[in-house]
Participant: 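This is the structure I want to talk about, given as structure tokens.
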Amino acid sequence: MSSRALTPHDYYRLPWSLTDNGLSWLEVTTRCNLACKGCYRDPRKDGHKSLDEIARELEVFAAKRKSDSMSIAGGDPLVHPEIVEIVRMIRKGGWKPILNTNGLALTPELLHDLKKAGVYGFTFHVDTTQKRKDNIDAVSERDHNVLRQKFAEMVAAEGGIGCSFNQTVSEKTLGQVPDVVRWGMKRPDLVHTMVFILYREPSMAHRMGLAFFANGREIDMGVSYDDTDFCGGRPLKAQDVVDQIRTVVPEFEPSAYLNGTVDPDSMKWLMGIRLADGEETFGHVSPRYMETVQNVSHLFRDRWLSYVSPSLLSLGRSSMAVFSPVDGAMRRALARYASASVKQPGHLFRKVQMQTFTIIQPVDFGEDGSMNMCDGCPDITVHDGKLCWSCRLEEIKEHGQFVSCYPRARAAEPRAAVPTAPG
């Protein structure tokens, strides 16, 4: 396993911010047809939002936050009876609708209707935190690859829609990451993005001697975030997953990141993009490429770029050729492609795809109780007309505010809670 350390200053810091971001996060329901370990949404509360409620939340996004794509989440959004109309509303509002779903409720007929309504992409959550009736015997991430394949082929058959997969990773499942990477890297034309979300371990703060407070009183965070036997006990960092990816793709190199709100050297979102044709990896896009693409998008579209269509992702060969005169990483990738094509001319007849690997770290705690969040959070949602971190929405629902965290030695006189919204 490679020991090359990740150094954030070697990568492009994505320019996304609270008010100008690649993504936003719209929660249309709390209801779900699965119960995932570690999920922090209570499906018994709230239920489906009406179209009027959703329209008002979209108005808040339009007024307060410029973004390229709108992640449609829950719960599971496909159980919402008006999901097709919701997708249509989002597309008419100028966003790319991205459905975050476990896929259980997806049928070819519904997929076709969603495409007509303007859906831009799917992100399927498939992992071993779930007990799925569509793959009931699965006990490992490798066992779920057959299900991932089913969804990828279904989306590809409809055509023109992005297909991503995410999974929660804990210390217990970290060693299974290569099994999913091997599956995905052979199918860059079907699997456009693979996201590894590091498990949030609620008990970590308590083991650090920290206490939580809301409304001037100490609280039990287990009310909002249940701990499970899935975690394994050690909080993971992006480096852990990158090391696992490198057991399959030794030369894997990230190109862009988002830092934390407290620790500028933390990599809360980390992205690397392979240039590959399913048979061979030729290289990875460079930080300079990422910077150019983001700035060109903002210059001409007035939006930082997030999701890209499958047709554009298949232009890896053109991207290498255009950037090679000014970019060493892309020049080396093009040279490797040329060399591989001389040895095996079949490479010339396959498209070079751009396939993204993203790693997301949850909130982590400092010894002083500070909470290191994602700076310029791409998953900001709307609650009561205000922008709010979606991963901490349960705190507001339970306590009316985000909670504060302090060392127990200082907890006798807790300070005021943090504001109820980041902006």
Side-chain angles (χ1 to χ4, degrees), residues 1-4 6 34 36-39 100-104 122-156 162-201 228-254 270-281 284 353-362:
M1 184 179 295
S2 173
S3 60
R4 299 198 311 275
L6 299 174
L34 274 182
C36 303
K37 294 180 180 180
C39 179
N100 288 23
T101 175
N102 58 47
L104 271 175
F122 283 83
T123 297
F124 294 99
H125 181 187
V126 178
D127 64 28
T128 53
T129 66
Q130 305 164 333
K131 294 296 183 183
R132 304 182 61 109
K133 61 184 180 182
D134 54 354
N135 200 19
I136 195 168
D137 295 326
V139 296
S140 70
E141 294 301 342
R142 178 187 297 176
D143 295 335
H144 276 315
N145 285 340
V146 63
L147 189 58
R148 296 181 178 103
Q149 183 77 20
K150 170 191 168 183
F151 290 135
E153 290 178 351
M154 186 187 300
V155 171
C163 183
S164 304
F165 290 89
N166 70 32
Q167 67 184 84
T168 305
V169 181
S170 76
E171 186 183 28
K172 287 188 175 181
T173 61
L174 178 63
Q176 299 175 33
V177 166
D179 292 329
V180 183
V181 172
R182 288 188 191 94
W183 168 81
M185 67 182 291
K186 295 177 182 178
R187 302 161 176 83
D189 57 329
L190 300 181
V191 182
H192 305 127
T193 302
M194 305 185 74
V195 184
F196 301 97
I197 305 170
L198 306 188
Y199 181 75
R200 179 202 295 196
E201 188 184 355
T228 77
D229 59 0
F230 177 78
C231 65
R234 178 173 71 91
L236 300 178
K237 301 294 184 183
Q239 182 78 58
D240 295 302
V241 176
V242 168
D243 286 344
Q244 292 294 323
I245 294 173
R246 285 175 176 167
T247 66
V248 183
V249 190
E251 68 274 24
F252 177 75
E253 191 62 34
L270 184 68
M271 301 179 189
I273 302 179
R274 294 173 64 235
L275 294 157
D277 66 358
E279 293 291 330
E280 187 169 343
T281 300
H284 295 77
Q353 305 283 338
M354 290 180 279
Q355 183 184 50
T356 302
F357 292 85
T358 299
I359 303 165
I360 303 176
Q361 290 185 191

Participant: Can you check whether Glu141's main-chain N or O pairs, donor with acceptor, with Asp179's side chain at less than 3.5 Å?
Facilitator: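 Checked: no pair found.
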Participant: Any chance the rings of Phe122 and Phe151 have centres within less than 6.0 Å?
Facilitator: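 No, the ring centres sit 6.0 Å or more apart.
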Participant: Determine whether more than 12 heavy atoms belonging to other residues, nucleotides or ligands lie under 6.0 Å from atom CZ of Arg142.
Facilitator: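 Not more than 12 within 6.0 Å, no.
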Participant: Going by heavy atoms in the side chains, are Glu171 and Asp240 under 4.5 Å from each other?
Facilitator: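 No. Closest side-chain heavy atoms not under 4.5 Å.
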Participant: How far does NE2 of His192 sit from OG1 of Thr356, to the nearest 0.5 angstrom?
Facilitator: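 Nearest 0.5 Å value for the NE2-OG1 distance: 10.0 Å.
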Participant: Any heavy-atom pair between the side chains of Thr128 and Val139 that's under 4.5 Å?
Facilitator: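 No, their side chains stay 4.5 Å or more apart.
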Participant: Mind checking whether Arg132 and Asn102 have side chains closer than 4.5 Å, heavy atoms only?
Facilitator: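 Answer yes - side chains close enough.
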Participant: A side-chain contact here means heavy atoms from C-beta on lying under 4.5 Å apart; do Val191 and Lys186 qualify?
Facilitator: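 The answer is no, as the side chains (C-beta and beyond) never meet within the 4.5 Å cut-off.
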Participant: For the residue pair Ala276 and Pro188, what are the closest heavy atoms and their distance?
Facilitator: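 Heavy atoms only, the tightest pair is O-CG, 4.2 Å.
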Participant: Atom CG of Asn166 and atom CG of Asn100: how far apart are they, to the nearest 0.5 Å?
Facilitator: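 Spacing of CG (Asn166) from CG (Asn100) equals 6.5 Å.
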Participant: Which heavy-atom pair separates Val155 from Gly162 by the least distance, and what is that distance?
Facilitator: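 Of all heavy-atom pairs spanning Val155 and Gly162, the closest is CG1-O, 4.1 Å.
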Participant: Could you walk me through whether Phe124 and Lys150 pass the side-chain contact (heavy atoms from CB on, under 4.5 Å) check?
Facilitator: CA-CA 11 Å; Phe124 294 99; Lys150 170 191 168 183; over 6 Å; no
Participant: Quick check: closest heavy atoms across Pro178 and Gly175, and the distance to 0.1 Å?
Facilitator: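 Taking every non-hydrogen atom into account, CD-O, 3.4 Å.
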Participant: Nearest 0.5 Å, please: how far is CG in Leu34 from OG1 in Thr101?
Facilitator: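 One gets 9.0 Å once the value is rounded to the nearest 0.5 Å.
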Participant: Can you tell me if Asn135 uses its side chain to pair, donor with acceptor, with the backbone of Asp143 under 3.5 Å?
Facilitator: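 Confirmed, Asn135 side chain pairs with Asp143 backbone.
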Participant: Heavy atoms only: give me the nearest Leu190-Ala156 pair and the separation to one decimal.
Facilitator: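 Scanning both residues completely, I find the closest heavy atoms to be CD2-CB, 3.4 Å.
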Participant: Apply side-chain contact (heavy atoms from CB on, under 4.5 Å) to Ile197 and His125, showing your working.
Facilitator: CA-CA 10 Å; Ile197 305 170; His125 181 187; over 6 Å; no
Participant: What verdict does the salt bridge (charged side-chain N to carboxylate O under 4.0 Å, His left out) test give for Arg187 and Glu153, after you've listed the backbone C-alpha separation in whole Å, the side-chain angles of each residue and the deciding distance to 0.1 Å?
Facilitator: CA-CA 10 Å; Arg187 302 161 176 83; Glu153 290 178 351; over 6 Å; no
Participant: Could you tell me which non-hydrogen atom of Ala138 sits nearest to which non-hydrogen atom of His144, and how far apart they are?
Facilitator: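 Minimum heavy-atom contact is CB-CE1, 3.4 Å.
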Participant: Which pair of heavy atoms, one from Leu270 and one from Ala238, lies closest together, and at what distance?
Facilitator: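 Result for this residue pair: CD2-CB, 4.0 Å.
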Participant: Would you mind checking if Arg274 and Glu280 are paired as a salt bridge, meaning a charged N to carboxylate O distance below 4.0 Å?
Facilitator: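 The answer is no: the pair does not qualify as a salt bridge.
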Participant: To the nearest 0.5 angstrom, please state how far the CG atom of Leu236 sits from the CG atom of Leu198.
Facilitator: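 Going from CG on Leu236 over to CG on Leu198, the span is 5.5 Å.
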Participant: Tell me whether Gln239 contacts the main-chain N or O of Leu6 through its side chain, where contact means a donor paired with an acceptor under 3.5 Å.
Facilitator: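 Between the backbone of Leu6 and the side chain of Gln239 there is a qualifying donor-acceptor contact (under 3.5 Å).
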Participant: Can you tell if the side chain of Thr193 reaches within under 4.5 Å of the side chain of Thr123, non-hydrogen atoms only?
Facilitator: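 Counting from C-beta outward, Thr193 and Thr123 never come under 4.5 Å.
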Participant: Are the side chain of Gln244 and the backbone N or O of Val177 linked by a donor-acceptor pair below 3.5 Å?
Facilitator: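 No, Gln244 side chain to Val177 backbone: no donor-acceptor pair under 3.5 Å.
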Participant: Are the side chains of Asp277 and Gln353 in contact, using a 4.5 Å heavy-atom criterion?
Facilitator: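 The answer is no; the side chains never approach within 4.5 Å.
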Participant: Distance from Leu147 atom CG to Phe165 atom CZ, nearest 0.5 Å?
Facilitator: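 Answer for the CG-CZ pair, Leu147 versus Phe165, is 8.0 Å.
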Participant: Can you find a pair of side-chain heavy atoms, one from Ile245 and one from Phe196, that are under 4.5 Å apart?
Facilitator: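 Heavy-atom side-chain distance check passes, below 4.5 Å.
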Participant: Spell out, as yes or no, whether a donor-acceptor pair under 3.5 Å connects the side chain of Arg182 to the backbone of Val248.
Facilitator: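 No.
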Participant: Would you compute the distance between atom CD of Gln355 and atom NE2 of His284 and round it to the nearest 0.5 angstrom?
Facilitator: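 Answer for the CD-NE2 pair, Gln355 versus His284, is 9.0 Å.
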Participant: Report the relative orientation of the aromatic rings in Phe357 and Phe252; use parallel for angles under 30°, tilted for 30 to 60°, perpendicular for over 60°.
Facilitator: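 Phe357 and Phe252: perpendicular rings.
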